[in-house]
2 protein chains.
Amino acid sequence: MLKTHSALQELLVRDKRTVDKGSILKSEADESRERFYVLEGWLAASKSLQDGEQQTLDFVLPGESYDPTSADYRTSFVQLEVLCDAVIAIIGRAEWERLLQDHSDLQYSEKINEIAAQARHSERMLRLGKSSAETRIAYALIELCMRLTAINLTEDGAFQVPLGQKQLGDFTGLSSVHVCRTLRRMNRLGLITTQDHMDITIHDVSKLAEHAEVDLGTLRKEIIPGAA
Amino acid sequence: MLKTHSALQELLVRDKRTVDKGSILKSEADESRERFYVLEGWLAASKSLQDGEQQTLDFVLPGESYDPTSADYRTSFVQLEVLCDAVIAIIGRAEWERLLQDHSDLQYSEKINEIAAQARHSERMLRLGKSSAETRIAYALIELCMRLTAINLTEDGAFQVPLGQKQLGDFTGLSSVHVCRTLRRMNRLGLITTQDHMDITIHDVSKLAEHAEVDLGTLRKEIIPGAA
DNA sequence: CGTTCAGTTGAGTTGCTTCAACCCGTGTGG
DNA sequence: CCACACGGGTTGAAGCAACTCAACTGAACG
């Protein structure tokens with residue numbers, strides 16, 4: 001179960017709603033409700049080029065929140081897509097600000113979340129710029145596994161991601177075809193197994209970490225908020 | 001001249017120091033001074049892989065500040081390198097927090113800065129994942145030009161960047177050799193000219209924007225803090 | 001039973017990398 | 001003042017990783 005800050009509870013219950021897989025989240029018309037808080041399910045924050053090529057910047061997992069508003073407070077600089085039937089709450093900006101003011105511990109934990117998100121982005125950018133397909137995918141799997149473990153959504157290195165290979169490609173900057181080949185290769189190496197629509201099991205974390213070129217310990221401290 | 005928030009002035013004068021090109025900024029031993037505020041010069045925030053490959057995540061330009069501390073408040077998740085002789089101030093975390101508490105307008109403008117930085121990262125990630133060398137470099141030049149223009153460091157589309165082609169490659173995820181080729185091609189197309197050690201002039205912004213696959217208007221609103 | 005959609009696999013192409021040679025401006029020491 | 005080394009930029013040639021295109025499979029569904 002997801003543990004949420006007590007001050008948030010009431011808000012989340014009041015404003016929560018279920019959204020269908022595939023829908024795109026838009027800010028409300030009044031422009032004052034902007035913060036999307038995920039209770040269940042996954043969101044993807046992506047950007048796309050004119051030609052339709054898409055890059056996923058981050059996934060928003062249960063317990064995380066995302067504000068897609070850009071600096072002019074008018075438009076959104078990303079597209080938020082719902083990857084599987086989800087439960088989310090939409091929180092008004094004013095309300096959110098008030099909450100942060102009133103609860104310094106919430107403010108603190110949100111700050112930690114932000115730093116962790118920044119660290120994740122850095123790791124991904126590094127690999128996007130300088131690494132092979134294998135490293136990128138290995139890293140992505142490790143990151144997702146860690147984040148899911150932190151919210152008890154893994155079991156012994158096994159977890160589900162509501163992603164097709166195309167979407168994993170959008171995340172790692174690869175074509176779906178190449179994602180496929182790379183996953184199969186890792187399969188053959190005994191690092192992981194994948195079952196239908198992305199039931200993933202990591203068999204040898206430390207070997208996988210080598211391929212991802214990460215140090216598991218440091219990575220955890222950097223990208224998991226509140227990891228000792 | 002750089003305009004800074006009045007509440008910062010005193011702090012900046014008190015704590016400012018000059019640092020030499022090439023040096024690496026480390027947090028102070030007491031771990032309480034972490035926010036680097038740049039008054040003059042450029043910093044580069046980078047990460048590297050075991051094999052030494054480096055990716056620059058962002059440049060820190062005059063008037064911007066950067067806190068490299070990771071979520072555990074102990075280590076830094078990036079390396080901060082000084083790209084040319086610079087003047088910076090190092091501000092203690094507690095002091096910084098206090099300042100933000102006391103001056104809501106400063107807090108606001110820092111928030112805007114953060115959102116703008118996030119938008120920039122998104123644009124870069126998109127191109128890192130899905131674009132050609134030409135698009136990446138064109139985008140990088142436009143971004144730098146815009147940011148420098150905002151602080152009056154350009155003149156008619158001409159500006160200097162304290163970067164070699166290797167460093168531009170680290171920023172765009174390309175080899176220095178390919179950066180060279182791409183710059184020369186843009187040169188031949190009449191888009192830009194480059195002189196010794198990166199005196200860049202953009203001749204045809206809108207044409208360059210096409211290559212970068214950006215809309216100049218929206219980009220400006222998204223990545224320049226306080227652009228109307 | 002046919003259609004659709006995601007994944008898989010092969011073949012051929014391409015864009016970027018690596019390696020290597022060369023040029024040129026700058027600094028340095030005899 | 002010249003000789004030389006050095007670091008960055010430039011260019012060519014060759015290699016390779018990832019892409020595209022296309023065909024096939026198998027599962028899900030009406």
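Atom set for the values below is all heavy atoms of this structure, side chains included, hydrogens, waters and symmetry mates excluded. Below, read A as the first sequence line, B as the second, and so on, with proteins coming before strands; counting in each chain starts at 1.
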*Would you mind telling me which of D/dT20, C/dT17, D/dC19 lies closest to the side-chain atoms of B/His178?*
C/dT17

*Contacts of A/Ala140 that satisfy side-chain contact (heavy atoms from CB on, under 4.5 Å) - sequence neighbours left out*: A/Phe171, A/Thr172

*Strand contacts (DNA chain D) in residues 164-173 of chain B, 4.0 angstrom heavy-atom criterion*: B/Gly164, B/Gln165

*Which residues satisfy the salt bridge (Lys or Arg N to Asp or Glu O under 4.0 Å) test with A/Glu64, sequence neighbours excluded?*
A/Arg147

_List the residues meeting salt bridge (Lys or Arg N to Asp or Glu O under 4.0 Å) with A/Arg14, not counting sequence neighbours, and say none if there are none._
A/Glu95

*Please report, rounded to the nearest Å, how far the C1' atom of C/dC16 is from the CG atom of A/Leu174.*
15 Å

*Taking only residues two or more places apart in sequence or in another chain, which ones pass salt bridge (Lys or Arg N to Asp or Glu O under 4.0 Å) with A/Arg120?*
A/Asp58, A/Glu143

*Who are the ring pair (Phe, Tyr, Trp, His ring centres under 6.0 Å) partners of A/Phe77, not counting sequence neighbours?*
none

*Could I get the full list of side-chain contact (heavy atoms from CB on, under 4.5 Å) partners for B/Val87, not counting sequence neighbours?*
B/Lys16, B/Thr18, B/Leu39, B/Glu40

*asked:* Checking A/Thr135 against A/His211: is there a side-chain donor and acceptor pair closer than 3.5 Å?
replied: no

*Taking five pairs at each end of the helix from C/dC1-D/dG30 to C/dG30-D/dC1, what angle separates the two helix axes (nearest 10°)?*
20°

*Counting heavy atoms from C-beta on, name the nucleotide in C/dC16, C/dT17, C/dT8 closest to the side chain of A/Arg184.*
C/dT8

*Qualifying residues under side-chain contact (heavy atoms from CB on, under 4.5 Å), relative to B/Lys21, sequence neighbours excluded*: B/Asp85

_Strictly distance-based, threshold 3.5 Å: is any side-chain N or O of B/Thr194 a donor or acceptor partner for the main-chain N or O of B/Ile200?_
no

*Can you find a side-chain donor-acceptor pair between A/Gln167 and A/Gln54 that sits under 3.5 Å?*
no

_Under a 3.5 Å cutoff, is there a donor and acceptor pairing between the side chains of B/Asp204 and B/Ser206?_
yes

_Residues forming a salt bridge (Lys or Arg N to Asp or Glu O under 4.0 Å) with B/Glu134, sequence neighbours excluded_ = B/Arg185

*Around atom CG of A/Asp156, are there more than 12 heavy atoms of other residues, nucleotides or ligands at under 6.0 Å?*
no

*asked:* Nearest to the side chain of B/Cys180, heavy atoms from C-beta on, is which of D/dC19, C/dT17, D/dG9?
replied: D/dG9

*Could you check whether A/Ser132 gets within reach of a base, just the sugar-phosphate, or nothing at all, counting any heavy atom under 4.0 Å?*
sugar-phosphate

Taking only nitrogen or oxygen atoms into account, show me every contact under 3.5 Å that the protein makes with nucleotides 19-21 of chain C, one pair per line with its distance.
none

Detail all sub-3.5 Å separations between protein N/O atoms and N/O atoms belonging to nucleotides 26-30 of chain D.
none

